[in-house]
Colleague: 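Here it is: the structure, laid out below.
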2 protein chains.
Amino acid sequence: MTAQRERIFSALHGASDHPTAEAVWSEVRTDMSSISLRTVYQTLNDLVGMGELAQLDIGPGPARFDPMNVPHHHVVCDACGRIADLTVEFPSVGLPDELAGDFDVVSTEIIFRASGCGVCRGAEG
Amino acid sequence: MTAQRERIFSALHGASDHPTAEAVWSEVRTDMSSISLRTVYQTLNDLVGMGELAQLDIGPGPARFDPMNVPHHHVVCDACGRIADLTVEFPSVGLPDELAGDFDVVSTEIIFRASGCGVCRGAEG
DNA sequence: GAGCTTAACAACAACTATTGTTGTTTGACA
DNA sequence: TGTCAAACAACAATAGTTGTTGTTAAGCTC
Ligand SMILES: [Mn+2]
Ligand SMILES: [Mn+2]
Ligand SMILES: [Zn+2]
Ligand SMILES: [Zn+2]
């Protein structure tokens, strides 16, 4: 673990908003002005590979990175882009028997999509 | 509705595999050799805007387009990229009360991720 | 059917997000 | 201190998608 890796890791754990790679870069550059965006991408990919981070690809735009390493779900506001965590479990959600033999399911993601949220509504009045 | 639009629309309804824009382009070009990829993207976007199609952004790579206009869920094989439809409903899945006031939820997507599937397994032996 | 109008089109350029490449730095260790 | 490997920064390139613009073609008027 190099200084860059540690700094990126801590930046992510300090952010609860599922930042993009560029957002992480922005944050990290306040301390390490010479770090390259390439290194941030590389490190984030490594951490995802190690299972330390999750990568969220929710709709168009850049990938978001998620420091929470317990499985959880998300609520996405399509108006402002906010992504909230949802630690609730839904044990009743499973693949029907007819498909269970076809697919080796390893995880289940639930995404609630919203047309607006408290932050949006608050921002405009 | 122009000939191009009609052809793109029919190409999508003839494909059950959630094709990419490029795949649609490939298919359509067998008949209309001069159609541009730009037109395919434009038309697909228009159809999504009209609610005739859904756009799926599942993980990295190009967007996939979905002709089924009843809400449904998906099973994704991360090994081969196959995406299967799941018309089962999960009525028990909803946003917990504590967040229901914050987010104006308009839809719910469930994605089952698989590490392999019948097609993969069959293909290698 | 010629002339006007407008929407859609093809061609091409630009852009965003991400990854490939390569030479340099850094830090562990002999 | 010299050797080595891993990680890095700089830069180039790629994939996917959208912006722009001049051209074509369909619909309407007379
Ligand atoms: Mn999360
Ligand atoms: Mn589908
Ligand atoms: Zn919002
Ligand atoms: Zn498969």
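From a predicted model like this one, the values you see are computed outputs, not experimental measurements. Every chain is numbered from 1 and lettered A, B, ... according to where its sequence line falls, protein lines coming before strand lines.
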Colleague: Please name all residues satisfying side chain to side chain contact (heavy atoms under 4.5 Å, CB included) with B/Q55, sequence neighbours left out, ordered by chain then number.
Modeller: B/N45, B/V48, B/D57, B/A63, B/F65
Colleague: In terms of relative ring orientation, are A/H13 and A/F9 parallel, tilted or perpendicular, with 30° and 60° separating the classes?
Modeller: tilted
Colleague: Rounding to a whole Å, what distance do you find between B/R64:CZ and D/dT17:P?
Modeller: 11 Å
Colleague: Between C/dG27 atom C1' and A/E6 atom CD, what is the distance in whole Å?
Modeller: 14 Å
Colleague: Base, sugar-phosphate, or nothing: which does B/Q4 touch, judged by heavy atoms less than 4.0 Å apart?
Modeller: sugar-phosphate
Colleague: Which nucleotide, D/dA9, D/dT18, D/dA7, lies nearest any side-chain atom of A/T2?
Modeller: D/dA7
Colleague: Phosphate oxygens OP1/OP2 of C/dT19: is one of them under 4.0 Å from a side-chain N or O of A/N45?
Modeller: yes
Colleague: Picking from D/dG16, C/dA10, D/dT18, which would you name as closest to the side chain of B/P62?
Modeller: D/dG16
Colleague: On the nucleotide C/dC9, are OP1 or OP2 found under 4.0 Å from the side-chain N or O atoms that B/R5 carries?
Modeller: yes
Colleague: By nearest atom, which of the nucleotides C/dA10, D/dA9, D/dT17 is closest to the B/Y41 side chain?
Modeller: D/dT17
Colleague: What is the distance, rounded to the nearest whole Å, between atom CD of A/Q42 and atom C1' of C/dT19?
Modeller: 9 Å
Colleague: Out of D/dT17, C/dC9, D/dA9, which has the shortest distance to the side chain of B/T43?
Modeller: C/dC9
Colleague: Using only atom types and a distance under 3.5 Å, with no angle test, would you say the side chain of B/R7 pairs donor to acceptor with the backbone of B/V28?
Modeller: no
Colleague: Any Lys/Arg nitrogen of B/R121 or A/D104 sitting under 4.0 Å from an Asp/Glu carboxylate oxygen of the other?
Modeller: yes
Colleague: Test your reading of the model: is there a side-chain donor-acceptor pair from A/S33 to the backbone of A/R29, 3.5 Å cut-off?
Modeller: no
Colleague: Output the rounded distance in Å from CG (B/L37) to C1' (D/dG16).
Modeller: 9 Å
Colleague: In whole angstroms, how far is the P atom of D/dT17 from the CH2 atom of B/W25?
Modeller: 13 Å
Colleague: Could you give the CZ-to-C1' distance, from A/R7 to D/dA7, as a whole number of Å?
Modeller: 18 Å
Colleague: Under 4.0 angstrom, heavy atoms only, what part of the nucleic acid is A/A21 near: base, sugar-phosphate, or nothing?
Modeller: nothing
Colleague: Can you tell me which nucleotide in C/dT21, C/dA10, D/dT17 comes closest to the side chain of A/R38?
Modeller: C/dT21
Colleague: Once you apply a heavy-atom cut-off of 4.0 Å, does A/E22 come out as touching a base, just sugar-phosphate, or nothing?
Modeller: nothing
Colleague: In whole Å, I'd like the distance from the CD1 atom of A/I35 to the C1' atom of C/dT26.
Modeller: 14 Å
Colleague: Remember a base hit wins even if backbone is also touched, and classify B/T20 as base, sugar-phosphate or nothing at under 4.0 Å, heavy atoms.
Modeller: nothing
Colleague: Return no unless some side-chain N or O of B/S36 is found under 4.0 Å from OP1 or OP2 of C/dA11.
Modeller: no
Colleague: I need the CG-C1' distance between A/L44 and C/dT19, as an integer number of Å.
Modeller: 14 Å
Colleague: Ignoring backbone atoms, test whether B/T39 places a side-chain nitrogen or oxygen under 4.0 Å from the OP1 or OP2 oxygen of C/dC9.
Modeller: no
Colleague: Check residues 106-120 of chain B and write down every donor-acceptor pair under 3.5 Å in which the side-chain atom is one partner and the other belongs to a residue at least two apart or another chain.
Modeller:
{"residue": "B/E109", "atom": "OE2", "partner": "A/R113", "partner atom": "NE", "Å": "2.5"}
{"residue": "B/R113", "atom": "NE", "partner": "A/E109", "partner atom": "OE2", "Å": "2.5"}
{"residue": "B/R113", "atom": "NH1", "partner": "B/D78", "partner atom": "OD1", "Å": "2.9"}

